[in-house]
Amino acid sequence: MRDTSAIIAAARTVVVLTGAGISAESGVPTFRGPQGLWRKFRPEDLATPEAFERDPRLVWEWYNFRRQCIAECAPNAAHRALARFALARPHVRIITQNVDELHTDAARDAAGTRDAAPAMPLELHGSIFRDRCSMCAFQRENRAPVDTSSLASLPRCEECGALLRPDVVWFGERLVPGVLEEAFEWAGLADLCLVIGTSGVVEPAASIASTTRATGGAVIEINPEETPLTRVATVSIRGTAVGEVGRLLAS
Ligand code: OAD
């Protein structure tokens, strides 16, 4: 096994791909695995454009529930270590599948009065704390629960009057234009891709690590379980994000 500190020290450009596992120790439920959300709920009822068309109140109830749960969570030591790492080195890009904004909170905390931009994540799947119009480009920040008492009480677009929806990417939807291109540009340039807490089964995010590997970079995976990305990894560390990320980046 190659020495991880030597790989990190030698890497000029680093991409970090995170998934639900990095926020698990903050109290945010993951999607798969024994306690995963998709064990208890069906994504086709709650996280597709068809589900929203069929029953927007049900979909909003689900996002109210998740908004409330995530609003009670704070960044953990792994989010904080990554934010410090991205602020301390010149070419680091954090790419996340998470919609919980915990990387953003950690970036702002770590930056203090400095510019937090180098540690701000590229959000592949959007943010649970934004609403967007289901028809036009309007969007707004919103941390509050939506009134789901009737169809008429659901929030509507200030510009075109169509229903607002959570600004997250649902199954069967394309990622926001530009976001995917930026992610794969970084993945292709990177000397190192750090993969933390993702099951590696949802595309296109899952191909970020193999892109770095195919262009000659190294991949370090941190996950308590083996995943399909383990065979792409140069080094696999079997452990949790909080247990491993700070130690790895400080070494
Ligand atoms: P998953 O729930 O599929 O996978 C979470 C991963 O985190 C698993 O591989 C776990 O082994 C690992 N894990 C659990 N606890 C951990 C810990 N403390 N430290 C490190 N790793 C841990 O979540 P994602 O891979 O993020 O998409 O799922 C990808 C996408 O599928 C999500 O963005 C979401 C979901 O459907 C959309 O909503 C579009």
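The chain is numbered in sequence order, starting from 1. Bear in mind that the values here come from a model prediction, so they are computed numbers and not experimental data. Counting starts at 1 for both ligands and their atoms, in listed order.
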Which atom pairs, nitrogen or oxygen on both sides, join ligand 1 and the protein at under 3.5 angstrom?
{"from": "ligand 1", "atom 1": "2 (O)", "to": "Phe31", "atom 2": "N", "distance (Å)": "2.7"}
{"from": "ligand 1", "atom 1": "2 (O)", "to": "Arg32", "atom 2": "N", "distance (Å)": "2.8"}
{"from": "ligand 1", "atom 1": "3 (O)", "to": "Arg32", "atom 2": "NH1", "distance (Å)": "2.6"}
{"from": "ligand 1", "atom 1": "3 (O)", "to": "Ser199", "atom 2": "OG", "distance (Å)": "2.6"}
{"from": "ligand 1", "atom 1": "4 (O)", "to": "Ser199", "atom 2": "N", "distance (Å)": "3.4"}
{"from": "ligand 1", "atom 1": "7 (O)", "to": "Gly197", "atom 2": "O", "distance (Å)": "3.2"}
{"from": "ligand 1", "atom 1": "9 (O)", "to": "Asn223", "atom 2": "ND2", "distance (Å)": "2.9"}
{"from": "ligand 1", "atom 1": "11 (O)", "to": "Asn223", "atom 2": "OD1", "distance (Å)": "2.7"}
{"from": "ligand 1", "atom 1": "18 (N)", "to": "Glu25", "atom 2": "OE1", "distance (Å)": "2.8"}
{"from": "ligand 1", "atom 1": "19 (N)", "to": "Gly21", "atom 2": "O", "distance (Å)": "3.3"}
{"from": "ligand 1", "atom 1": "19 (N)", "to": "Ala241", "atom 2": "N", "distance (Å)": "2.9"}
{"from": "ligand 1", "atom 1": "25 (O)", "to": "Thr198", "atom 2": "OG1", "distance (Å)": "2.6"}
{"from": "ligand 1", "atom 1": "25 (O)", "to": "Ser199", "atom 2": "N", "distance (Å)": "2.9"}
{"from": "ligand 1", "atom 1": "25 (O)", "to": "Ser199", "atom 2": "OG", "distance (Å)": "3.3"}
{"from": "ligand 1", "atom 1": "26 (O)", "to": "Ala20", "atom 2": "N", "distance (Å)": "2.8"}
{"from": "ligand 1", "atom 1": "28 (O)", "to": "Arg32", "atom 2": "NH1", "distance (Å)": "3.2"}
{"from": "ligand 1", "atom 1": "31 (O)", "to": "Arg32", "atom 2": "NH1", "distance (Å)": "3.0"}
{"from": "ligand 1", "atom 1": "31 (O)", "to": "Arg32", "atom 2": "NH2", "distance (Å)": "3.3"}
{"from": "ligand 1", "atom 1": "33 (O)", "to": "Gln97", "atom 2": "O", "distance (Å)": "3.2"}
{"from": "ligand 1", "atom 1": "33 (O)", "to": "His125", "atom 2": "ND1", "distance (Å)": "2.8"}
{"from": "ligand 1", "atom 1": "36 (O)", "to": "Trp38", "atom 2": "NE1", "distance (Å)": "2.9"}

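Within a 6.0 Å radius of CZ in Arg108, other residues, nucleotides and ligands contribute 12 heavy atoms or fewer.
The closest side-chain donor-acceptor pair between Ser207 and Glu203 falls under 3.5 angstrom.
With Asp131 as the partner, the salt bridge (charged side-chain N to carboxylate O under 4.0 Å, His left out) test is satisfied by one option alone out of Arg156, Arg140, Arg143: Arg140.
Judged by a 6.0 Å distance limit and a 45° cone about the ring axis, Arg165 is positioned over the six-membered ring of Trp170.
Remark: Thr211 engages no residue in a side chain to side chain donor-acceptor pair (under 3.5 Å) (not counting sequence neighbours).
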Show, in sequence, the C-alpha distance, side-chain angles and deciding distance for Arg231 and Glu226, and conclude whether the salt bridge (Lys or Arg N to Asp or Glu O under 4.0 Å) test is met.
CA-CA 9 Å; Arg231 62 189 153 72; Glu226 190 173 328; over 6 Å; no
